[in-house]
Amino acid sequence: MTAEARRSELAASLAEVEGRIAQACTAAGRARDEVRLLAVTKTFPALDAALLTDLGVVDLAENRDQEAGEKAVEVASLRPEAHSRWHMVGSLQRNKARSVARWAAEIQSVDSERLAGALDKAVRAARDAGERENALDVLIQVSLDGDPARGGCPLDDLAHLAECLTRAGDLRLLGLMAVAPLGTDPDKAFELLARAGETLRKDHPDAVELSAGMSGDLERAIGHGSTCVRVGTALLGGRGLASP
Ligand SMILES: *Cc1c(COP(=O)(O)O)cnc(C)c1O
C-alpha cells in the first residue's frame, strides 16, 4: 500500500472514531474537549504514527519501552514539526525507567511505589543530562479485578501510592487508568474506576484524569466519565494473533 492510500485509510478510521467519541459525549451530556484521544500505535510502523500526526493526532501511545523509544525517534525525524506526545500504557519494569524517561511525556501504568521511585530518579537524571525538560505526568493504573498478575495497583493500596507520587519531585499525578478486566461487565468496571477517582480527588483535587475505554468499549467508558480513550484497532486495524 502506498503512503497516500494508507493516509486515506487512516483518515477514514479517524473520522469514524471521532464520530463515536462525539456521539458518546453528546449522549453523556459532556463536551467533546473533555476527552483526549490516544492513538495506540503499538506493532504499527513509525510511518503510520507520522501519518496520524499529519491528520492532527498529537497523543500517541505504546506499551513496550524499546519499540516506543525507537518509534518516537523515527517519528521525530519523519515529522520534526509535529511535537507528538508519547504515552506509555503498558506494564513497565523498573530497569526501563531511565529509558522511558527519554521519550515518554506521560506514563499511565504506574502501579507500585518502587516503580514510582525509579521513575522519579530517572526523570531527574534525564533532566540533569539535558534529555528532557519537564516533569513526567503519571496516572496510577488500577487493578479492578484484584488480580496482581495482570498489573495495576489494588484499590486498597491506591491512597498510599498516590501519597508517594505527590512527594516525588519530578512526577505529576494526573489521575487513574484502568483496563476493563476480560470477561466482566465493562460498565461495572468503569463505574468502580470512577468511584476510585472520586475518592482520590478528596486528597488530590488535581488528579482529574480517568483513562478508560479502548476500541470496543469507548462509548461506555465515556458514559462513566472517562477523560482519555486509548484506541488502537479501530484506528489502525487488527494487530494479528502474535501481537500483544
Ligand atoms: C493495546 C492497548 C489499547 C488499545 O486497544 P484496542 O482494543 O486495540 O483499541 C488500550 N490500552 C492498553 C493498555 C493497550 O495495551
Side-chain angles (χ1 to χ4, degrees), residues 9-10 12-21 23-24 35-46 48-49 52 55 57-69 71-72 84-93 96 100 103-112 115 137-145 147-153 174-187 189-190 192-193 196-197 209-244:
E9 201 171 82
L10 290 173
S13 55
L14 178 61
E16 195 170 311
V17 168
E18 278 293 347
R20 288 174 59 191
I21 295 172
Q23 205 165 10
V35 182
R36 288 188 290 167
L37 169 62
L38 255 60
V40 184
T41 49
K42 65 186 181 198
T43 79
F44 287 93
D48 279 355
L52 284 169
L55 297 166
V57 174
V58 176
D59 294 295
L60 302 167
E62 291 280 331
N63 71 339
R64 290 171 180 226
D65 166 64
Q66 191 183 342
E67 180 183 350
K71 210 177 287 183
S84 309
R85 291 189 86 241
W86 290 89
H87 302 250
M88 175 64 169
V89 297
S91 66
L92 183 57
Q93 305 289 322
K96 299 289 168 63
V100 282
W103 60 264
E106 178 171 321
I107 298 190
Q108 298 207 338
S109 43
V110 176
D111 61 359
S112 75
L115 176 59
D137 290 337
V138 300
L139 305 190
I140 296 175
Q141 181 178 353
V142 177
S143 166
L144 294 175
D145 58 3
D147 178 358
R150 299 187 62 234
C153 173
L174 297 191
L176 304 179
M177 181 271 251
V179 180
L182 283 174
T184 64
D185 177 359
D187 280 312
F190 296 144
L192 194 57
L193 181 70
E209 296 283 338
L210 284 182
S211 173
M214 321 202 297
S215 292
D217 55 19
L218 67 89
E219 285 88 353
R220 296 210 257 181
I222 290 171
H224 289 284
S226 170
T227 63
C228 175
V229 292
R230 310 176 306 267
V231 182
T233 313
L235 281 176
L236 292 134
R239 288 182 294 271
L241 288 178
S243 312

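Quick caveat: nothing in here was measured; it's all calculated off a predicted structure. Note that ligands are numbered from 1 as they come in the structure, with each ligand's atoms numbered from 1 the same way.
- Salt-bridge annotation for E16 and R20: absent, with no side-chain N of the basic residue lying under 4.0 Å from a carboxylate O of the acidic one.
- With values rounded to the nearest 0.5 angstrom, L210 atom CG is found 10.0 Å from C228 atom SG.
- Which of M88, Q108, M214 comes nearest to atom 3 (C) of ligand 1 through a heavy atom is settled by distance: it is M214.
- Taking only nitrogen or oxygen atoms, main chain and side chain alike, N63 does not reach within less than 3.5 Å of ligand 1.
- L218 pairs with exactly one of V35, I21, L37 by the side chain to side chain contact (heavy atoms under 4.5 Å, CB included) rule, that one being I21.
- Minimum interatomic distance between A212 and V229 (heavy atoms only, all atoms of both residues): O-CG1, 3.5 Å.
- Taking every heavy atom of T233 and a limit of under 4.0 angstrom, the matching atoms of ligand 1 come to 6 (P), 7 (O), 8 (O), 9 (O).
- Ligand-side atoms of ligand 1 in range of R230: 4 (C), 9 (O), 10 (C), 11 (N), 12 (C), 13 (C), range being under 4.0 angstrom from any heavy atom.
- Using a 4.0 Å cut-off to heavy atoms of V231, the atoms of ligand 1 that qualify are 9 (O).
- Residue G232 has at least one nitrogen or oxygen atom sitting less than 3.5 Å from a nitrogen or oxygen atom of ligand 1, judged on distance alone.
- Using cut-offs of 30° and 60° on the angle between ring planes, the pair H224 and F190 is tilted.
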